[in-house]
Every structure is written in structure tokens, then in C-alpha cells.
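Note that the numbering runs from 1 along the sequence shown for the chain. Counting starts at 1 for both ligands and their atoms, in listed order. Everything quoted here is computed from the prediction, not taken from an experiment.
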Amino acid sequence: MKAIVIDAYKRPLRFAELQLPELGEHDVRVEIYAASLNPIDYKLRDGLLRLIQKYDFPLILGHDLAGIVTAIGSKVSKFSVGDEVYGRPRGSRIGTLAEYISVHEDDISLKPQNVSFEEAASIPLIGLTTFQAFTGVMALQKDQKILIHAGAGGIGTFAIQLAKAMGAYVATTTSENGYDLVKRLGADLIINYKQQPFENIIQDYDAVYDTLGGDVLKKSFTVLKPHGKLVSIAGLPGGNFAREAGLGPLKTALFSIVGRRMTALAAKNNVDYDYHYMKPSGLDLSSIKQLIEANQIKPVIDKIFDFQDTAKAFAYLETGRAKGKVVVSVK
Ligand SMILES: NC(=O)c1ccc[n+]([C@@H]2O[C@H](COP(=O)([O-])OP(=O)(O)OC[C@H]3O[C@@H](n4cnc5c(N)ncnc54)[C@H](OP(=O)(O)O)[C@@H]3O)[C@@H](O)[C@H]2O)c1
């Protein structure tokens with residue numbers, strides 16, 4: 001099968017001809033019709049995930065898939081050959097920029113019936129991250145006010161729609177280039193971050209979803225009401241993350257030191273802070289499928305690239321200006 005691989009960190013992407021992936025007893029083999037890109041793909045290529053996850057080389061890139069099941073392992077109970085599925089494989093078992101992948105059956109769901117393979121492939125990573133953040137650690141409630149940073153990006157376009165579906169009031173930041181898009185997705189208050197500092201406009205919010213880290217994250221502590229919830233997916237992970245991920249005592253100690261600054265800022269501002277890292281989950285993808293089929297969430301695609309143009313798709317995403325998702329049509 002054809003696949004997009006790297007031979008070492010920071011090396012260029014290349015096409016490789018590889019054997020079909022092995023099929024474990026709980027795995028399904030999926031013929032991939034479409035994959036989507038996320039910033040984690042170029043961060044991984046550059047070796048930025050080294051502390052968190054070990055990978056073997058040559059490494060097939062790509063975290064999101066949509067396709068059709070072509071074979072099932074002996075103990076698979078949830079899927080049959082011919083099922084249309086979408087998902088985000090666990091841990092080091094990524095590699096969706098390929099014609100086939102073997103994926104644990106717990107990591108996928110039937111694909112939403114009312115969308116194309118390209119649209120379905122745009123969802124898993126951004127959908128799981130945001131669904132788990134909003135329904136889990138943030139516990140976003142109806143009528144609460146949430147600030148979503150970078151509303152026009154891959155994460156932001158999903159997050160605005162999910163927050164609206166949950167009945168929240170949504171403020172978001174974007175440049176003028178994303179204004180019409182976030183308005184169409186239902187944002188109630190739109191802040192042009194190039195013209196107005198968000199921290200001068202927003203006060204006493206119930207929640208902030210930080211997708212940018214750095215100064216934006218630090219300033220976000222000041223716009224919350226007492227005990228408001230700040231969830232970052234772009235800041236630095238802390239000790240809790242390292243413990244949950246089973247990274248061992250040394251890395252846990254290291255991440256705890258890194259996380260202390262955020263804990264101190266949270267205490268100073270009397271708010272709750274959490275770093276959130278998504279978990280693969282076919283169950284959560286089934287819930288997201290229902291939201292999509294009920295038209296409460298629509299996939300937002302900026303550009304679709306052909307498989308042979310995957311390197312161009314990476315370059316486009318890396319500009320940091322995508323409006324919605326960047327998708328690669330594999331079949
Ligand atoms: N922890 C996790 O589990 C997890 C999961 C998924 C993603 N992430 C992280 O989340 C981050 C966002 O991912 P993404 O897929 O949304 O990225 P993306 O699609 O590449 O984001 C691009 C968007 O960001 C906007 N943007 C850039 N700077 C901005 C600013 N200062 N204020 C407001 N908007 C700004 C751009 O809008 P303009 O062109 O208008 O500036 C553009 O539309 C990445 O760092 C990614 O690694 C973490």
C-alpha cells in the first residue's frame with residue numbers, strides 16, 4: 001500500500017510502498033478514503049511529541065481517518081466488513097495518510113451518514129478534544145458564557161458549534177478573515193484580536209477554551225468569574241497529564257514543575273485551570289455522529305488536497321491561517 005512516511009524527525013515527507021498493516025484480534029482494517037491534518041501532525045514530524053509518545057520509523061503520519069472496513073480481527077464485535085467508519089487511532093498506532101490502517105475497534109465509530117468521507121475525516125481529533133473538554137473537565141452548562149479562542153481554526157469551528165448546541169453564549173476571537181465564518185457558525189460576540197485586546201472586552205465569564213497558549217492563555221485567567229473554568233489544549237501539560245498518561249516518575253516530576261506556574265496563576269485569580277489532552281474513543285465519536293446527523297454540527301473544510309499533494313497540505317496548515325480543516329483525499 002502507499003503511505004506518507006518520515007524516516008526520522010525533521011525529515012521531509014515521502015511516499016513509501018509498504019505491506020498491509022497486521023490485523024490484531026480486536027482490530028479492524030480500514031481502507032482509507034480521506035484523512036485530515038491537525039497541528040499535531042507537523043509537531044510530531046518535528047519531534048515535539050518525543051517526551052509524550054514513542055514512535056517507530058519509518059513512521060506513517062496522520063491522525064484522522066474516514067473509510068470502509070475491509071477485514072475484521074477474530075474478536076471484533078462492533079463492526080463488519082463494508083461498514084463506513086471514522087476515527088482517531090490510539091497512541092503510536094497513527095498513520096492515516098495511507099491506503100489502509102489497522103485500528104482498535106474501540107477507537108472508531110460508524111461515520112455520520114449525512115456527510116462525505118472528506119467531511120467525516122475532518123472531525124475525529126477536533127471533535128473528541130472539544131467534546132471531552134466541554135462535557136468532561138469544563139462541564140459547560142446551558143446559558144453559561146464561554147470564550148473560545150481562535151474560533152475560525154479547526155478546533156474553533158467545531159467548538160463554537162458544540163457550545164451553541166449545549167446552549168451556551170459564545171464569544172470568540174478571530175481576524176477579519178474569519179469573521180463571516182464564525183458568525184455563520186453562531187458566535188454571539190466576535191472580537192477581532194488584531195484590533196481589540198479580548199481581556200478589555202470580556203469579564204466574569206464562566207469558561208474559556210484556550211487553543212493558543214502563551215500570552216493568550218495567561219491573559220485568559222483575568223476574564224473569568226470566581227471559580228470559572230479555564231481549559232487549555234495548547235498550553236504546557238502539567239503533572240496530572242503526565243500521571244494519567246503513565247509517563248513515569250521523572251517526566252511526571254518535570255511536567256509538574258512546568259505546570260506549577262499555571263496552578264499559581266489559577267490560585268491568584270481564584271479560577272479552575274486544567275490542561276486537556278484528547279483520548280481516542282469510538283463511544284464519544286458515536287455521540288458526535290448523532291450531533292452531526294441532527295445538523296447541530298456541520299464539518300467545516302477549508303481545503304481538500306489530493307493524496308499526492310500531502311506535503312502541500314502540511315505547508316498550508318502550517319501557515320496557521322486555515323479556516324476550518326485541511327483534508328487529504330486518499331482514495
Ligand atoms: N491537547 C489536545 O488534545 C489538542 C487537540 C487538538 C489540537 N490541539 C492544539 O490546539 C491548537 C489549535 O488547533 P487547530 O486545529 O484549531 O489549529 P489551526 O486550525 O491551525 O488554527 C488556525 C486558526 O487560528 C487562528 N489564530 C491564529 N492566531 C490567533 C490569535 N492570536 N487569535 C485568534 N485566532 C488566531 C487563525 O485565524 P486568523 O487567520 O484569523 O488569525 C486560524 O484560523 C494547536 O496548537 C493544536 O496542536 C490540542
Side-chain angles (χ1 to χ4, degrees), residues 36-46 48-49 52-53 63-64 88 90-91 94 121-134 136-138 147-162 171-183 185 187 189-199 201-202 208-220 230-238 240-242 244-245 255 259 274-281 284 299-303 313-327:
S36 80
L37 298 188
N38 297 278
I40 194 174
D41 293 308
Y42 57 78
K43 293 179 186 177
L44 166 59
R45 179 204 60 199
D46 292 344
L48 301 182
L49 302 186
I52 295 174
Q53 182 75 55
H63 287 76
D64 277 332
R88 191 285 199 200
R90 62 186 62 186
I94 60 160
S122 76
I123 295 292
L125 196 138
I126 56 162
L128 288 168
T129 309
T130 305
F131 182 83
Q132 290 164 0
F134 286 10
V137 60
M138 187 184 280
L147 167 63
I148 294 170
H149 285 296
I155 287 278
T157 47
F158 186 96
I160 292 172
Q161 297 184 80
L162 180 60
T172 193
T173 54
T174 178
S175 70
E176 57 285 359
N177 296 330
Y179 185 93
D180 289 346
L181 173 59
V182 301
K183 180 92 191 148
L185 296 175
L189 175 66
I190 303 170
I191 301 167
N192 183 337
Y193 72 90
K194 295 197 166 165
Q195 292 174 358
Q196 301 162 297
F198 71 89
E199 66 276 18
I201 297 167
I202 303 252
V208 177
Y209 190 41
D210 167 51
T211 60
L212 292 163
D215 276 351
V216 168
L217 169 56
K218 282 182 216 147
K219 288 175 184 165
S220 295
L230 172 46
V231 176
S232 177
I233 59 166
L236 292 169
N240 285 347
F241 162 79
E244 268 183 35
F255 280 113
D274 279 290
Y275 170 81
H276 170 68
Y277 195 77
M278 61 76 57
K279 294 176 184 64
S281 164
D284 289 347
V300 179
I301 295 182
D302 181 335
K303 268 191 205 305
F314 268 72
Y316 183 69
L317 183 69
E318 280 186 85
T319 64
R321 301 275 80 84
K323 301 285 166 283
K325 291 282 301 187
V326 175
V327 174

Visitor: Considering heavy atoms of the protein only, find what lies nearest to atom 2 (C) of ligand 1 and give residue, atom and distance to 0.1 Å.
Guide: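 Answer for atom 2 (C) of ligand 1: H276 O, 3.7 Å.
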Visitor: With a heavy-atom distance limit of 4.0 Å, tell me whether H149 approaches ligand 1 through its side chain, its backbone, both, or neither.
Guide: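 Within the 4.0 Å criterion, H149 makes no contact with ligand 1.
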Visitor: Mark the output for N177 as yes if a heavy-atom distance to ligand 1 is under 4.0 Å, and as no if none is.
Guide: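 Contact absent.
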Visitor: Applying a 4.0 Å heavy-atom criterion (strictly less than), which segment of L125 is in contact with ligand 1: side chain, backbone, both, or neither?
Guide: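 Near ligand 1, L125 shows its side chain, while the N, CA, C and O stay back.
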Visitor: Do T157 side-chain atoms and G154 backbone N/O form a donor-acceptor pair below 3.5 Å?
Guide: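 At least one qualifying donor-acceptor pair exists.
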Visitor: Just going by heavy-atom distances, which of S36, P39, A322 is nearest to atom 13 (O) of ligand 1?
Guide: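 Heavy atom nearest to atom 13 (O) of ligand 1 belongs to P39.
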Visitor: Is a salt bridge present between K218 and D215, judged by a nitrogen-to-oxygen distance below 4.0 Å?
Guide: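 Salt bridge present between K218 and D215.
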Visitor: With a 4.0 Å heavy-atom cut-off (strictly under), which part of I155 contacts ligand 1: side chain, backbone, both or neither?
Guide: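 It is both backbone and side chain that touch ligand 1.
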Visitor: If we only consider heavy atoms of T173, is any one of them less than 4.0 Å away from an atom in ligand 1?
Guide: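 Checking ligand 1 against T173, which is what was asked, there is a heavy-atom contact under 4.0 Å.
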Visitor: What is the nearest protein non-hydrogen atom to atom 22 (C) of ligand 1, stated with its residue, atom name and distance?
Guide: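 Ranking protein heavy atoms by distance from atom 22 (C) of ligand 1, first comes G320 O, 3.4 Å.
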Visitor: With only distance considered, is N38 within less than 3.5 Å of ligand 1 through an N or O on each side?
Guide: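 N/O-N/O distance under 3.5 Å: no.
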Visitor: Do Y42 and ligand 1 have an N or O pair less than 3.5 Å apart?
Guide: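 Between Y42 and ligand 1, no N or O pair is found under 3.5 Å apart.
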Visitor: Considering heavy atoms of the protein only, find what lies nearest to atom 11 (C) of ligand 1 and give residue, atom and distance to 0.1 Å.
Guide: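 Checking every protein heavy atom, the shortest distance to atom 11 (C) of ligand 1 gives T211 O, 3.3 Å.
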Visitor: Any idea which protein heavy atom is nearest atom 19 (O) of ligand 1, and the distance to it?
Guide: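 Scanning the protein heavy atoms, the shortest distance from atom 19 (O) of ligand 1 goes to G154 N, 2.8 Å.
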Visitor: Is it true that the NZ or CZ of K219 lies under 6.0 Å from the centre of F198's six-membered ring and within 45 degrees of the ring axis?
Guide: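 K219 over F198 ring: no.
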Visitor: A152 heavy atoms, cut-off 4.0 Å: which ligand 1 atoms fall inside?
Guide: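 Under 4.0 Å from A152, ligand 1 has these atoms: 43 (O).
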Visitor: Checking Q132 side chain against K279 main chain: does a donor-acceptor pair fall under 3.5 Å?
Guide: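 Judged by distance alone, yes, a pair lies under 3.5 Å.
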Visitor: Please state which part of L212 comes within less than 4.0 Å of ligand 1, counting heavy atoms only: side chain, backbone, both or neither.
Guide: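 For L212, only side-chain atoms sit under 4.0 Å from ligand 1.
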Visitor: Can you pull out the closest protein heavy atom to atom 45 (O) of ligand 1? Residue, atom name and distance to 0.1 Å, please.
Guide: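 Its nearest protein heavy-atom neighbour is K43 NZ, 2.9 Å.
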Visitor: Which ligand 1 atoms, with their elements, are less than 4.0 angstrom from a heavy-atom of T174?
Guide: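 Every atom of ligand 1 under 4.0 Å from some heavy atom of T174: 40 (O).
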Visitor: Out of curiosity, is K325 lining ligand 1, as in a heavy atom under 4.0 Å away?
Guide: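 No heavy atom of K325 comes that close to ligand 1.
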Visitor: Nearest heavy atom to atom 30 (C) of ligand 1: which of F241, Y193, Y275 does it belong to?
Guide: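 Result: the heavy atom closest to atom 30 (C) of ligand 1 is in Y193.
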Visitor: Ignoring angles and geometry beyond distance, decide whether G178 reaches within less than 3.5 Å of ligand 1 through its nitrogen or oxygen atoms.
Guide: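 There is no such contact.
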Visitor: Check for a donor-acceptor pair, side chain of S122 on one end and backbone N or O of I301 on the other, with a separation under 3.5 Å.
Guide: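 Looks like no, no N/O pair under 3.5 Å.
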Visitor: Return a yes/no value for M278: is any of its N or O atoms, backbone included, closer than 3.5 angstrom to an N or O of ligand 1?
Guide: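 Yes, at least one N or O pair falls under 3.5 Å.
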Visitor: Can you pull out the closest protein heavy atom to atom 8 (N) of ligand 1? Residue, atom name and distance to 0.1 Å, please.
Guide: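 Result: I233 CD1, 3.7 Å.
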